[in-house]
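Residue numbers run from 1 in the order of the sequence given.
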Amino acid sequence: MSVEDSGRLVLGVTRSANGQVWRERQTRAQGLISMAMAQRLGLPDVLARVMAGRDVGLEDAEGFLDPTLKALMPDPSGLVDMDRAVARIADAVEAGVSIAIFGDYDVDGATSSALLARYLQALGLTPAIHIPDRIIEGYGPNGPAIEALYQGGARLLVTVDCGSTSFEAFETAQRLGLDVVVIDHHQCGVELPAVAALVNPNRQDDLSGQGHLAAVGVTFLFLVGLNRELRRRGAFLTRQAPDLLALLDLVALGTVCDVVPLKGLNRAYVTKGLIAMHGRGNPGLAALSDVARVGGKPAAYHLGFLIGPRINAGGRIGDAALGARLLTTRDDTEARAIAERLNALNAERQAMEAIMLEEGDAQAVIKIANDDPAVLLTGSDGWHPGIVGLIASRLKEAHRRPAFAIAYDETGKGTGSGRSIAGVDLGRAVRKAVEEGLLEKGGGHAMAAGLTVRREREAELSAFFNDMLKQDVEVAASNREMKIDAALTAGGATLDLVNGLERAGPYGAGHPEPVFAFPAHRISFADVVGNGHVRATIAGADGQSLKGIAFKAAEKPFGEALLASRGRPMHVAGVLSLDTWQGAERVQLRILDVADPQKNPL
């Protein structure tokens, strides 16, 4: 990587407390673009830097600041099989055919299911929704569930966020005479199951360029096409068409929680969806926001870290159908009851996760001390298979290498989930392990994978991963960088600045939050609060101060450095946000890293 590509050093930091190099996010070329943006459009310099650093061009800047569905929405017909899917479901709507919806058990699946169901309900239909049990049924459509839906009266099945590889299950549907329409976004091979229509922008023959959409985004595109077709057929001459814009709160939630890139259409979905959510038109989302204590104007952060995990808790350790039921109910009392149940399940999940993480981390420390494996494999008989993905993610972050967490049953069969680091393709390694006979099954993509393994093969699997990925992990570890958008002082972190930065949001996957460096600010206060968080106050040379917090950092290098640096100047890096505690707005810094100026001289 060239110096131009990687960015210049920030404050001379070559090794921070977290072992990172701090580099400017902007390249020199982007710096020229940001200057032109600021001059031509009258934008604040910091906002222009943030935009240019995320590859926003000068000619695209005005449209970027106001992303609209009208400008960014493609013609739904551009997706392969979309017109066939639209025609089949339009026929079913006109004929009053009973429609069943089969969704995945995560947030994307729940929101996709609820989105389609609420649209059909607005047309007077009462679609059945089936969300599979993660443990008993596993992922995707299955024969027994399809038979049950058929026996319940369904004559058309629509799968959302699943179905692109469900060959065996759809043979059952074909035998029953049950038509199937698939709306999905997962990777799939050239061979596809025999169904009435399969809409998936990631199928091999789809050239629409919409593969970055979550399933809920594809489902919304489908509804735009269906709405257009029903209008053409005269369906809305005597009744009002469903309000698609009012359903964007569900699209925003699924898009954020499925961690797809917040660029282009996805960014418009989330921007407009947050506005819809603020209107509290969905009783379930309103109730869940209340129990999650989402105060003030909702943001992408609330969806990803407060709302989404509570819906996921149902699929992980409780009733997988709770999320879809919550998002489709029109009854405030029922919404409140389901929201409280999901909140309780989330608390239960957190408690289980804490116990599992403590055991998994102890295993990881021992393995690193003994063998220093490139990929961590941890597991236990007592672990819940619905939580292993969360444990793998935490272990990956703590030990800076790919990690798997495996839940073993009484027969020694293990269900595991893995998370990787940038530059290490974990999915490829898992698929290779399946080919080598080390795994019963497995798959995934570069950053996340799942597997099924026998306990007696774990050591052999660990050696295989180590041989295959050790070099990639070493290279990735040597390239640890933190991208810095700009340097600020505590006094410069104003409400106006934070509100201005919101214009370049929402931030998330593929569109990261701006990170700012505060040079040689004195740590005037630092202490441990809550569940291992470090609260701190930093002060600039002019005496102005800024309060900050480093979440779950008390036992991490940068948290320990903060606590040890009371009264001393430190370079501090973090993300600015608004704290609305007790109704008053103030700027707060979410601290991500620190560096000692004496060890990193300019």
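Rounding to the nearest 0.5 Å gives a distance of 11.5 Å between CG of Leu439 and NZ of Lys441. In this structure, the separation between CG on Asn200 and OG on Ser164 is 4.0 Å, given to the nearest 0.5 Å. If you take CD1 on Ile183 and OG1 on Thr219, they are separated by 5.0 Å, rounding to the nearest 0.5 Å. If you take CG on Asn312 and CD1 on Ile307, they are separated by 12.0 Å, rounding to the nearest 0.5 Å. Separation of atoms OH (Tyr301) and CG (Leu303) is listed at 11.5 Å; rounding is to 0.5 Å. Going from atom OG1 of Thr271 over to atom CZ of Arg267 covers 5.0 Å, rounded to the nearest 0.5 Å.
Taking the six-membered ring where tryptophan is involved, the planes of His186 and Tyr139 are perpendicular, since the angle between them exceeds 60° and thus also 30°.
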Q: Decide side chain to side chain contact (heavy atoms under 4.5 Å, CB included) for Glu229 and Ile89; before the verdict, give the C-alpha distance in whole Å, the side-chain angles of both, and the deciding distance to 0.1 Å.
A: CA-CA 10 Å; Glu229 175 63 13; Ile89 296 181; over 6 Å; no
- request: Kindly indicate, with the supporting measurements, whether the criterion side chain to side chain contact (heavy atoms under 4.5 Å, CB included) is fulfilled by Arg118 and Leu223.
  value: CA-CA 11 Å; Arg118 289 178 73 91; Leu223 292 181; over 6 Å; no
- Could you give me the CA-CA distance, side-chain angles and deciding distance for Phe220 and Leu250, then say whether side chain to side chain contact (heavy atoms under 4.5 Å, CB included) is met? CA-CA 10 Å; Phe220 189 84; Leu250 296 173; over 6 Å; no
### Query
Should Glu353 and Ile391 be marked as a side chain to side chain contact (heavy atoms under 4.5 Å, CB included) after you check the CA-CA gap, both sets of side-chain angles, and the distance that decides it?
CA-CA 7 Å; Glu353 181 184 342; Ile391 303 304; 3.7 Å; yes
Checking side-chain hydrogen bond (donor to acceptor under 3.5 Å, both in side chains) for the pair Thr411/Asp409: CA distance, chi angles, key distance, verdict?
CA-CA 5 Å; Thr411 71; Asp409 64 19; 2.7 Å; yes
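Environment of CZ in Phe305: sparse, with no more than 12 heavy atoms of neighbouring residues, nucleotides or ligands closer than 6.0 Å. Under a cut-off of 6.0 angstrom, the local environment of CD in Gln350 is crowded, with over 12 non-hydrogen atoms contributed by other residues, nucleotides or ligands. By the 6.0 Å contact criterion, CZ on Arg293 is open, its count of non-hydrogen atoms from other residues, nucleotides or ligands being 12 or less. For Glu62, the CD atom counts as loosely surrounded, since its 6.0 Å shell holds 12 or fewer non-hydrogen atoms of other residues, nucleotides or ligands.
Counting only N and O atoms by type, the side chains of Ser112 and Asp161 include no donor and acceptor under 3.5 Å apart. Side-chain contact annotation: Asp206 with Ser208, donor-acceptor N/O pair under 3.5 Å present.
Ionic pairing of Arg316 and Glu348 is not present here: no N-O contact between side-chain nitrogen and carboxylate oxygen is shorter than 4.0 angstrom. Glu340 has a carboxylate O that lies under 4.0 Å from a charged side-chain N of Arg336, or vice versa, which qualifies the two as a salt bridge.
Arg394 contributes no side-chain N or O that, together with a main-chain N or O of Leu390, makes up a donor-acceptor pair within less than 3.5 Å. No donor-acceptor pair closer than 3.5 Å links the side chain of Arg231 to the backbone N or O of Phe236. The backbone N or O of Phe404 lies less than 3.5 Å from a partner atom in the side chain of Thr378, making a donor-acceptor pair. In this structure a side-chain-to-backbone donor-acceptor pair under 3.5 Å is present from Arg155 to Tyr150. Under the 3.5 Å distance criterion, the side-chain polar atoms of Asp184 are matched with a main-chain donor or acceptor of Cys162. Under the 3.5 Å distance criterion, the side-chain polar atoms of Asp319 are left unmatched by any main-chain donor or acceptor of Gly314. Looking at Gln204, its side chain does come within 3.5 Å of a backbone N or O of Cys188 through a donor-acceptor pair. The backbone N or O of Arg325 sits nowhere less than 3.5 Å from a side-chain atom of Thr329 that would complete a donor-acceptor pair. Judged by distance alone, the side chain of His212 and the main-chain N or O of Pro261 form no donor-acceptor pair under 3.5 Å. Listed for the Arg84 side chain is a donor-acceptor partner under 3.5 Å among the backbone atoms of Ala196.
A heavy-atom distance below 4.5 Å is found between the side chains of His130 and Glu137. Between Arg349 and Arg310 the shortest side-chain heavy-atom distance does not fall below 4.5 Å. Within the 4.5 Å cutoff, no side-chain heavy atoms of Pro514 are placed close to those of Leu576. The closest side-chain heavy-atom distance from Val86 to Phe222 is below 4.5 Å. Pro242 has its side chain within reach of Asn227: a pair of non-hydrogen atoms, C-beta onward, lies under 4.5 Å apart.
Relative to the six-membered ring of Tyr507, Arg54 misses at least one condition, a distance below 6.0 Å or an angle of at most 45° to the axis.
When each of Asp179, Asp81, Asp83 is checked for a salt bridge (Lys or Arg N to Asp or Glu O under 4.0 Å) with Arg88, only Asp179 meets the rule.
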When the side chains of residues 90-97 are checked against the rest of the protein, which donor-acceptor pairs come out under 3.5 Å, sequence neighbours left out?
residue, atom, partner, partner atom, Å
Asp91, OD1, Arg233, NH1, 2.8
Asp91, OD1, Arg233, NH2, 3.1
Glu94, OE1, Arg233, NH1, 2.9

